[in-house]
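Chain letters run A, B, ... following the sequence lines, proteins first and then strands; every chain starts at 1.
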Protein chains: 2
Amino acid sequence: MESVSRAVRPAAVSMTDVARHAGVSLKTVSRVVNAEQHVSGAVRETVQRAIEELGYQPNGAARALASKRTRRIGMIAASTSFSGPSAILDGVEKAVRQQGYSLALVRTQPDEGYEVQHAIAQLIGQGIDGLILSQPVGPDNPGIQGPAGVPLLSIDYPDARHSAGEIVVGTDEVDGARQAVNHLLSLGHRTVWHLGGDPAWAAARQRARGWRETLEAAGASVPEPVFGDWTAASGFAQMQKMLDAGSPTAVFVANDQMAIGAIHALERSGRSVPGDVSVVGFDDADESAFLHTPLTTIRADFQDTARQGVFRLIEAIIGRDEAPRQFTLPVHLVIRESTAPPRNGG
Amino acid sequence: MESVSRAVRPAAVSMTDVARHAGVSLKTVSRVVNAEQHVSGAVRETVQRAIEELGYQPNGAARALASKRTRRIGMIAASTSFSGPSAILDGVEKAVRQQGYSLALVRTQPDEGYEVQHAIAQLIGQGIDGLILSQPVGPDNPGIQGPAGVPLLSIDYPDARHSAGEIVVGTDEVDGARQAVNHLLSLGHRTVWHLGGDPAWAAARQRARGWRETLEAAGASVPEPVFGDWTAASGFAQMQKMLDAGSPTAVFVANDQMAIGAIHALERSGRSVPGDVSVVGFDDADESAFLHTPLTTIRADFQDTARQGVFRLIEAIIGRDEAPRQFTLPVHLVIRESTAPPRNGG
DNA sequence: GCCATCACTGACAGCGCTGTCAATCCAAAG
DNA sequence: CTTTGGATTGACAGCGCTGTCAGTGATGGC
């Protein structure tokens, strides 16, 4: 029993074994395995049968070495369990697998001092055909230079920071913010305050931009925003700070997690939601509909965003290059019970 | 600029290039790269300098092919963004990377009809030195047979379902349940109801077992439990079902997410928490301290659990086999505001 | 009915590295 | 000064597959 852990790998059958068993050449087996043309139906079947009988599994390392394609995609993702990034990881993995690739994952953690460049080097060394970036790119990570020749997909909001060849897909953060702010303004609020996410993330910057631009377009005053780090704890702390600075009647919070903390701070200060203060979140997390006060929020299809990005990336890998390189997917407002008209007409 | 996407990979330098540049043999470079012995200090330095000057990066595929070790670990993880599994993924990735391995991730989704055996086959084909399983193993997945000779780590609660050679680490679900139930009993509740997680998961089964055994040990009656699927939505629905069946004064819910839904259902039915009903969750999610009613819950160090498991797995891979193969890590109760004595003494 | 054409098929040379084993060198021992 | 043994170094043969190119029949045109 204890031998189970020893490498009893049953002397894996190789392509040569299959060839011998099927009575054909190595190359013909290779053709069948890779679904190439120039193999007659009869031979193809014989080989296929041999493959099944022997339980043949192609050796990825040998394949990669000979073909210089690993059929593996590397992903560098910030380490969070928040709804958005989580859904993105999910969508990426699924799409990658469906395209016949596998996923090599590296997560970055802010506190870890583990820089992106190093993570990239490691992935490239292991061998990847493409690279996906789903993590903050700010002044500190100036543009992830030279991903060493592999196509790069950033799941992010397209902006000037991205290089020319890069594929960038994201959700329409700016429009989401616009919808949130307009919803609050249309309820009668004079203006809307903003509790932003970690500004290292483009998503946080773009949500803040959308908020600001919408207020300006509406001729509303623009209160000083505060920024957290996406956690409920930071939402709690930053909302307290905001309350020290003024008395909002409406707040657009950059994600649902922080909104939970923010609402907690509002209630602890004696304010009710939405009675005294309306709150809109972002992401539509799983639990947001079931909070004490079900949360009005912006829903984005992160899974689909990821999927589209992966398709685009694989097109670039195999040399087909038609679709636009940078685009965003639409989002929409989900109205629940955390928003209402201001108590006395604003 | 558009050439960025073409594979302009700068004709990667090979070990041969380094050898030539350093004036030594291929094998000597190999020794330096792999930190083997039998290389004099002077030669080692020369080679190291050559490596840096040329920016040499070992080719993973070639290495894997020649050595039959990929330095890659495969992980099959259920696709959820819940706090526990999420933290486990995080911990695994970090530990794997710190040990110099890379992580190939496959996520399974219940609705997808994508079975574990197939995922394993794919990972083995790509080449992995070890396999990690973090996903439900129930009657439907009878024991993940024959991982083809690679050491297997299950992050799960050790039980009979696991095979002899398997490494199993988990958190002490049973003890967590015990602490939750005892806390509620000690507040004066006559008994404690249970809203369980998805029974496909060992965690759900063990939490239910701990709950039942603790009640029995205390001589309390054991109400019929209900089970959800870890989501807030299922917590909401199943709590309504529980309320149809009886009038609990205390409920132990199998995770925080479901607890949020459960509390929502309680409040919608006119009950207050903890006034009418006390609720204990499990996992201590990020937002649990900031809910309208901060949640009493069980905290487990999932990251550490994952880390310990990975260390153990790598020991098995390199053939060192000392530490016990199956163990659990302790958990502890975090008391917040969702629990209180029953309204009229039970 | 003969040659160009095309669909198949296979031989062979590596891909970049590691494992094995033989060769070499140096210092200490005899 | 020669012998012995350990430490260092290198030559060479693959790992399992793909890419290239040559070879083989069969098909079709004139």
Side-chain angles (χ1 to χ4, degrees), chain A residues 7 9-48 50-51 54-72 100 124-129 318-319, chain B residues 7 9-48 50-51 54-72 124-129 318:
Chain A
R9 221 166 308 206
V13 305
S14 75
M15 195 174 262
T16 309
D17 300 327
V18 176
R20 190 165 24 234
H21 189 85
V24 299
S25 79
L26 196 59
K27 182 64 210 188
T28 298
V29 179
S30 171
R31 287 199 182 90
V32 172
V33 169
N34 293 293
E36 288 172 16
Q37 51 184 10
H38 300 312
V39 181
S40 71
V43 171
R44 192 178 295 271
E45 264 181 40
T46 311
V47 173
Q48 223 117 37
I51 289 176
L54 269 50
Y56 169 70
Q57 275 270 335
N59 177 314
R63 231 212 282 238
L65 182 58
S67 70
K68 309 204 171 305
R69 294 187 49 214
T70 59
R71 304 213 124 240
R72 194 178 310 128
I124 300 269
Q126 274 287 317
I128 53 173
D129 292 344
I318 62 183
Chain B
R9 221 167 308 206
V13 303
S14 76
M15 195 173 261
T16 309
D17 300 327
V18 176
R20 193 167 21 235
H21 189 85
V24 299
S25 79
L26 196 58
K27 182 65 208 185
T28 298
V29 178
S30 170
R31 288 200 181 89
V32 172
V33 169
N34 294 293
E36 287 171 17
Q37 50 184 11
H38 299 312
V39 181
S40 70
V43 171
R44 192 176 295 270
E45 265 181 40
T46 310
V47 173
Q48 223 117 39
I51 288 176
L54 268 50
Y56 169 68
Q57 275 270 334
N59 176 315
R63 230 213 278 241
L65 182 58
S67 69
K68 307 202 172 308
R69 293 188 49 214
T70 59
R71 307 211 122 240
R72 195 178 310 127
I124 300 271
Q126 275 286 318
I128 53 173
D129 293 344
I318 63 182

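- Here CD1 of B/I51 is found 12.0 Å from CG of B/D17. Values are rounded to the nearest 0.5 Å.
- Between A/V43 and A/V24, the closest side-chain pair of non-hydrogen atoms falls below 4.5 Å.
- A close approach under 4.0 Å does not occur between any side-chain nitrogen or oxygen of A/S14 and OP1 or OP2 of D/dG16.
- Among the atoms of the strands shown, none is found under 4.0 Å from any heavy atom of B/V33.
- Here CG of B/L65 is found 12.0 Å from OG1 of B/T70. Values are rounded to the nearest 0.5 Å.
- In the set C/dC17, C/dG10, D/dG10, the nucleotide with an atom closest to the side chain of A/T28 is C/dG10.
- The interatomic distance linking B/M15 (CE) with C/dG19 (C1') rounds to 13 Å, in whole Å.
- Closest-nucleotide positions on DNA chain D for B/A62 and B/H38 were compared, and the one nearer the 5' end corresponds to B/H38.
- Atom NZ of B/K68 sits about 12.0 Å away from atom CG of B/D129, to the nearest 0.5 Å.
- Straight-line distance from the CD atom of B/Q126 to the C1' atom of D/dG16: 14 Å, rounded to whole Å.
- Straight-line distance from the CZ atom of A/R63 to the P atom of D/dC17: 8 Å, rounded to whole Å.
- Here C/dC17 presents its P atom at 15 Å from CZ of B/R71, a figure rounded to the nearest Å.
- Rounded to a whole Å, the CZ atom of B/R69 is 22 Å from the P atom of C/dG16.
- If you measure from atom CZ of A/R44 to atom P of C/dA7, you get 14 Å, rounded to the nearest angstrom.
- In this structure, the CG atom of B/N59 is 14 Å from the C1' atom of D/dC17, given to the nearest Å.
- Atom pair B/E36:CD and D/dG10:C1' shows a separation of 14 Å (rounding to whole Å applied).
- Nearest nucleotide to the side chain of A/V43, out of C/dT18, C/dT9, D/dT20: C/dT9.
- In this structure, the nucleotide among C/dT18, C/dC15, D/dC15 sitting nearest to the side chain of B/L26 is C/dT18.
- Closest contact between the side chain of A/N34 and the listed nucleotides D/dT18, C/dC17, D/dC17 involves D/dT18.
- Distance check, rounded to the nearest 0.5 Å: CG of B/L54 to CZ of B/R20 gives 9.5 Å.
- The side chain of A/R31 has C/dG10 as its nearest neighbour among D/dG10, C/dG10, C/dG16.
- In the set C/dC17, D/dT18, D/dT9, the nucleotide with an atom closest to the side chain of A/S30 is D/dT18.
- Ranking C/dG16, C/dA11, D/dT18 by closeness to the A/K68 side chain, first place goes to C/dG16.
- Side-chain proximity of B/K27 to C/dG14, C/dT20, C/dG16: nearest is C/dT20.
- Ranking D/dG16, C/dT9, C/dG16 by closeness to the A/S40 side chain, first place goes to C/dT9.
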